[in-house]
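Numbers restart at 1 for each chain; the letters A, B, ... are given by sequence-line order, proteins then strands.
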There are 2 protein chains.
Amino acid sequence: MARPREHSAEELRELALSAAGRLLDEQGIEALSARRIAAAIGYSAATLYSVFRNLDDLCWHLNAQTLGQLHAALGAVGGSEPRAQLHAYAAAYVAFARAQPQRWSLLFEHRTSPGVDIPDWLGASIERLFERVEAPLRALAPAASEADIRLQARTLWGSVHGLAVLQQRGKLFLSGDQASLRMLPTLVDQYLDGWLSARGELR
Amino acid sequence: MARPREHSAEELRELALSAAGRLLDEQGIEALSARRIAAAIGYSAATLYSVFRNLDDLCWHLNAQTLGQLHAALGAVGGSEPRAQLHAYAAAYVAFARAQPQRWSLLFEHRTSPGVDIPDWLGASIERLFERVEAPLRALAPAASEADIRLQARTLWGSVHGLAVLQQRGKLFLSGDQASLRMLPTLVDQYLDGWLSARGELR
DNA sequence: AAAATTACTAAACAGTGTTTACAAAGTAAA
DNA sequence: TTTACTTTGTAAACACTGTTTAGTAATTTT
């Protein structure tokens, strides 16, 4: 009963997100402004506010996309043996951070206004990252309690994450360039060895 | 031979930094604007640019202060046995991140303009963090090569850093509140066990 | 044809970092 | 003492930012 939309709300969201993703990849976080995103899809900045609550909201949706890509990347690693699977996960995780530096840093450095919490669906998606790691851990130590598996998964993955963070901060922290490549298997192997030997399941 | 300064350049830097630190602690990163910092010390924003290259530069100096505090906190941990010392370092590191959330996140999340690298003196101060960890590691495995010690120190510290990062991102990543408290000794112990048992030096 | 409804935007507001032209204040020379 | 010089510090401008609002233009319904 009134002027029809140029694009549906869904389409608009999609357009804005893909334009924002392109801007992010090509020009970095600084380029993510309402006016620039809008201009890239031929709309005015104000229109974005009809499909996103604010720019933070748009960033969360961008982060959801990124998490999807990360899940896809992790899903693609072929795993025969559990330990090899964990190595592959860790390598894929760090490789993703290296290949998508802008998206990855938006994912973990995007500061929301104080008091505003991360949306639930995003937290749940992050939780799934940890769960991925739990399966191989269970296979490695079938007798371990679920609580221990959860703890081990989060500890191991958190520490892998730490290496990814330091890798991104790059030259400042690690002297050599391939340093993080050597660090990663060292971390995973030694951590698992320590865990399994304590459990008497090392072989 | 001209109008004397109200405060010397050194004093001004000092004043601005302490005002900025106060703003940061009390109102968060968002409050770190040139006009607000300047107003807090009774100057205009433009005056800040006579003692700092830009606001990024001011932030780096703030980060240098923070690193100083962090070094002090780590220096205060009494260490008898090497393994206990490493535990104490890790606990102090994570405790610092928890006690000074704003300063800590400015330290690691402060995005500099692309192409602008972190100043050398700041990188050197970060390097000293790693070196702190090397000493106990050397004591644990006197026969280990220097290269291995360096690798182990950076891997272990990087992973501790990862847990600190996830702790700060808080509720989203870890369900329980004291989860990171249990994760930390688990990580350190298992990592060391894995390393030492591979070297045949575990006892 | 008139009325109603919706899509979209221009413009405003309050803020940001940073630069620049300038006034004010003091010292040094005359 | 007056003039010249030098330096400090700032107001104001510029080009941005996120966000809101008032209003126009386009379309459908009556």
Side-chain angles (χ1 to χ4, degrees), chain A residues 1-17 19-20 23-24 26-63 102 106 109-116 119, chain B residues 1-17 19-20 23-24 26-63 102 106 109-116 119:
Chain A
M1 46 165 136
R3 175 180 176 186
R5 289 175 164 279
E6 202 75 20
H7 301 92
S8 76
E10 238 33 67
E11 282 171 341
L12 211 70
R13 242 187 291 268
E14 198 72 25
L15 278 173
L17 282 177
L23 279 171
L24 176 62
E26 292 170 3
Q27 305 183 55
I29 285 182
E30 319 277 291
L32 280 191
S33 87
R35 286 169 180 84
R36 278 198 244 195
I37 296 170
I41 60 175
Y43 278 89
S44 84
T47 299
L48 290 181
Y49 288 81
S50 70
V51 287
F52 297 104
R53 291 207 347 275
N54 50 38
L55 221 61
D56 261 14
D57 189 33
L58 188 152
C59 283
W60 291 130
H61 280 83
L62 215 47
N63 281 340
Q102 308 287 3
L106 186 68
E109 292 177 19
H110 177 228
R111 299 199 66 72
T112 174
S113 316
V116 178
Chain B
M1 46 162 136
R3 174 181 176 187
R5 299 181 96 102
E6 200 76 19
H7 302 92
S8 76
E10 240 30 68
E11 282 172 342
L12 210 72
R13 242 187 290 269
E14 197 73 26
L15 277 173
L17 282 177
L23 279 170
L24 176 63
E26 292 170 5
Q27 304 182 54
I29 285 182
E30 319 277 290
L32 280 191
S33 87
R35 287 170 179 82
R36 277 199 244 195
I37 296 170
I41 58 174
Y43 279 88
S44 84
T47 299
L48 290 181
Y49 287 80
S50 71
V51 287
F52 296 105
R53 291 208 348 274
N54 49 38
L55 220 62
D56 260 13
D57 189 33
L58 188 151
C59 283
W60 290 130
H61 281 82
L62 214 48
N63 281 340
Q102 308 286 6
L106 185 70
E109 292 176 16
H110 176 228
R111 298 200 66 69
T112 173
S113 316
V116 177

Contacts of type side chain to side chain contact (heavy atoms under 4.5 Å, CB included), residue B/Asn54, not counting sequence neighbours: B/Tyr49, B/Asp56, B/Asp57
The bend of the helix from C/dA1-D/dT30 to C/dA30-D/dT1, taken between the axes of its five terminal pairs at each end and rounded to 10°, is 40°
Quick one: CG on A/Leu58 to CZ on A/Arg53, what's the gap to the nearest 0.5 Å? 12.0 Å
Distance in angstrom units between A/Glu6 CD and C/dT6 P, rounded: 18 Å
Base versus backbone protein contacts along nucleotides 17-26 of chain D [heavy-atom cut-off under 4.0 Å; B, S, -]: BBBBB---BB
Could you tell me which residues satisfy salt bridge (Lys or Arg N to Asp or Glu O under 4.0 Å) with B/Glu26, sequence neighbours excluded, listed by chain and number? none
Rounded to whole angstrom units, what separation is found between the CG atom of B/Asp57 and the P atom of C/dG17? 14 Å
For C/dT9 and A/Thr47 - does any side-chain N or O of the residue sit under 4.0 Å from the phosphate oxygens OP1/OP2? yes
Whole-Å distance between C/dT16 P and B/Ile29 CD1? 15 Å
Could you tell me how far apart B/Tyr43 (OH) and D/dA11 (P) are, to the nearest whole angstrom? 13 Å
Say you draw a straight line from CG of A/Leu15 to CD of A/Glu11; how long is it, rounded to the nearest 0.5 Å? 7.0 Å
Whole angstrom is fine here: how far is it from CD in B/Gln27 over to P in C/dT16? 11 Å
Given B/Gln27, which partner from the list B/Ile29, B/Leu24, B/Leu23 fulfils the side chain to side chain contact (heavy atoms under 4.5 Å, CB included) test? B/Leu23
Tell me the interatomic distance from B/His7, atom NE2, to D/dG9, atom P, rounded to whole angstroms. 9 Å
Any side-chain heavy atom of A/Phe52 within less than 4.5 Å of one from A/Leu17? yes
Interatomic distance where CZ belongs to B/Arg5 and C1' belongs to D/dT10 [whole Å]: 14 Å
I'd like a table of donor-acceptor pairs (distance under 3.5 Å, sequence neighbours excluded) in which one partner is a side-chain atom from residues 32-48 of chain B, with atom names and distances.
from	atom 1	to	atom 2	distance (Å)
B/Ser33	OG	B/Arg36	N	3.2
B/Tyr43	OH	B/His7	ND1	2.9
B/Ser44	OG	B/Ala46	N	3.4

Just how far is it from atom CZ of A/Arg13 to atom OG of A/Ser50, taken to the nearest 0.5 Å? 8.5 Å
